[in-house]
Student: 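A single structure is presented below for examination.
Computed from a prediction, not measured in an experiment: that's the story for all the values here.
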Amino acid sequence: MTVLPLSSMLTYAFMQRAFIVGLLLALIIPCIGTVTVLRRLSMIGDALSHVSLAGVAAGLVAGVNPVVGSIIACVVAGFSVDWIRRRIPHYSEISIAIVLSVGVGLAGVLSGFVKNAADFNSFLFGSIVAISDFELRLVVVVSLAVMLVFGILYRQLMSLAFDEQLARLSGVSVNVINVIFTVLTALTVAVAARTVGALIVSSMLVVPVAAGMQTGRSYRQTVIWSTVYAVLSTVVGLTTAYLFGLKPGGTMVLSAVALLIVVFAVERARARLGRRKAMGEGRDDPLRHHHESPGEPCVACVHLTEDAEEGACDPCLQWVDASLSEEAAGYHSPGGHADGEDTCAAAPRGDEADDGQATPPASR
Amino acid sequence: MPVQVLPIPAVSFDAVSFAYSGEPVLDAASLLIPAGEFALLTGENGAGKSTMLRLILHEVSVMSGCVSVFGKPVSSRTGWRDIGYLAQRASNPNFPASATEVVEMNLPYGRARLSHRAARDAAAQALSEVGMSHCAGRLISGLSGGQLQRVMLARALVSHPRLLLLDEPTGGLDAVSRRALYGTLGKLNERDGVTILMVTHDIGEAEPFSTMVVRLQSGQLETRGAQRREPEDPRKPEVRA
């Protein structure tokens, strides 16, 4: 195996284009991926990328630009997934399986009519180092559109991914946002399929997000870390592919998986350290007693122990008392009830201050 | 002779009929929940209690009759921000979002959206309301069931709803967490005048905090006043079981 010098990598125009396209996709794919993964539609990229192959084959057969054929097929498939998902809401993954089957079937049949098999095969694993001017422009336009729309609809998409029903009640136009997101996903998969390959794009939608979910401590952080990992795996993948003459699409995905394994290991080590620290200090942990004596029965913190059958233990009750007193402090004026009543629903009555129990109003 | 103006009820069912696959849930049932009440909705499993909430939220449509919220039929409503909803469990408890982010999801969108700072302040206030300020920055996946329910309640409250619908919100919670949640709800009802309609099987524990009880049986709705009494101490051995 010949190893090429790293210093000359960016002097080649095809590598410059590969990096531009790769980095743009690394910025937008995790934005789409975060929402699809959190909506439990991780495999939608797989379904759309297979359908994109059918679009490519149709384009090649009809003499149309295969990327255009891929985009049309992906948009239609995206809406089909959404349509089927609404009819089988509790088994939404079925919609992906159905569309994927149609995509594979169509791609298989149509590929038999493609005269130049090499053209079709280039879409299977991508050809990021053989990007045409048209494809470069297309990637730039799609990337800018995705970034812009994702930025504008950031909260709506987060709310939609969390819970569609609650999103509707919050004032999110669920149907409109769904349509926009479906189009964005389809566009992203279609252009990414051409560059990193139809069989690889679904991994790129999921793997960096899986890594980001390990590191992120909020939704915003998850999106940011997913993007960082996607950019890292793209740079590492393209560089490695250049140095060792490997297929860039596959190398990028393998880099992403390697990064995910590293993130898993680092997060696990960090969690262990955190637990040790908590056990060492434990001052701010109201349930610390469970770390010290795990298995202690307690209904108040049943989520921490499976042996809970009896009532709440003293530390937990003290914790609840403290919480209730804290609430009461915000409601009661010093020395009496804010509205002149001597009882309230959240705070202990004067004669029950030590007891700390929530007491309903005496009369209404 | 002075004209008496009747207050607009928070929720009204006017001869509502609804059925699931031919199985009647409501049979020309009527109900009136005045504003400011803390109503419990009880009934056997499968009686259609959750369906009633879905009818109020217009997720399903009545077959006949009319469901109105604050005097307006739900079928003609466009906004739902004055109605808060809390389900039995969060549908996505492992979602990688902080408690603050979850609460912020229920703040206005579009032109009415708040600035970043105002949104943070509103979320902080709602979390403080339910005694969850100390968990504001924590991932919801790391919270206990009771803590998560309180965060979801804060999410519902951040939009300052006039009507709060709760679908068995204490399901899966221990006695202490249940009492704490009832206490918070009682305070909201008493202090802020929020009308509450809560589906529950915990009639014994919840009734002291409520003002009326609605029972759904055989497609009909029966209403009675709540029996007020001192709530039982959850720490007593007989309540723990």
Student: Below 4.5 Å, heavy-atom pairs only: which of B/Met132, B/Arg155, B/Arg113 has the largest tally toward chain A?
Tutor: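 It is B/Arg155.
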Student: Which one wins on heavy-atom pair count under 4.5 Å against chain A: B/Asn94, B/Thr78, B/Leu57?
Tutor: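 Counting heavy-atom pairs under 4.5 Å, the top option is B/Leu57.
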Student: For atom CD of B/Gln125, decide whether the heavy atoms of other residues, nucleotides or ligands shown that lie under 6.0 angstrom number more than 12.
Tutor: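 No, CD of B/Gln125 has 12 or fewer neighbouring heavy atoms, counting only those of other groups under 6.0 Å.
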Student: Who wins among A/Ile152, A/Thr34, A/Val172 for the most heavy-atom pairs under 4.5 Å with chain B?
Tutor: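 Highest number of pairs under 4.5 Å: A/Val172.
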Student: Could you grab the distance from atom CG of B/Leu139 to atom OG1 of A/Thr222, nearest 0.5 Å is fine?
Tutor: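 So the gap between those two atoms works out to 7.0 Å.
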Student: Any residues in residues 97-109 of chain B near chain A, with a heavy-atom distance under 4.5 Å, and which are they?
Tutor: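 Within residues 97-109 of chain B, near chain A: B/Ala97, B/Ser98, B/Glu101, B/Val102, B/Glu104, B/Met105, B/Asn106, B/Leu107, B/Pro108, B/Tyr109.
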Student: So with a 6.0 Å cut-off around OH of A/Tyr91, is the heavy-atom count from everything else above 12?
Tutor: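 Open.
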Student: Give, as side chain, backbone, both or neither, the part of A/Arg40 having an atom under 4.5 angstrom from any heavy atom of chain B.
Tutor: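 The answer is the side chain of A/Arg40.
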Student: Is A/Leu166 in contact with chain B via its backbone, its side chain, both, or neither, using a 4.5 Å heavy-atom distance?
Tutor: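 For A/Leu166, heavy atoms of backbone and side chain both lie under 4.5 Å from chain B.
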Student: Within the supplied structure, the quantity of interest is the number of heavy atoms (other residues, nucleotides, ligands) at a distance under 6.0 Å from A/Arg86 CZ; does it exceed 12?
Tutor: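 Count over threshold, so yes.
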Student: So B/Phe95 and A/Phe162, would you call those rings parallel, tilted or perpendicular, with 30° and 60° as cut-offs?
Tutor: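 Perpendicular.
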Student: Please report the closest heavy-atom contact between A/Asp163 and B/Ser91, naming both atoms and the distance.
Tutor: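 Closest approach of A/Asp163 to B/Ser91: OD2-OG, 2.7 Å.
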Student: Take a 6.0 Å sphere around CZ of A/Arg87 and say whether it holds more than 12 heavy atoms from other residues, nucleotides or ligands.
Tutor: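 Buried by this count: over 12 neighbours within 6.0 Å.
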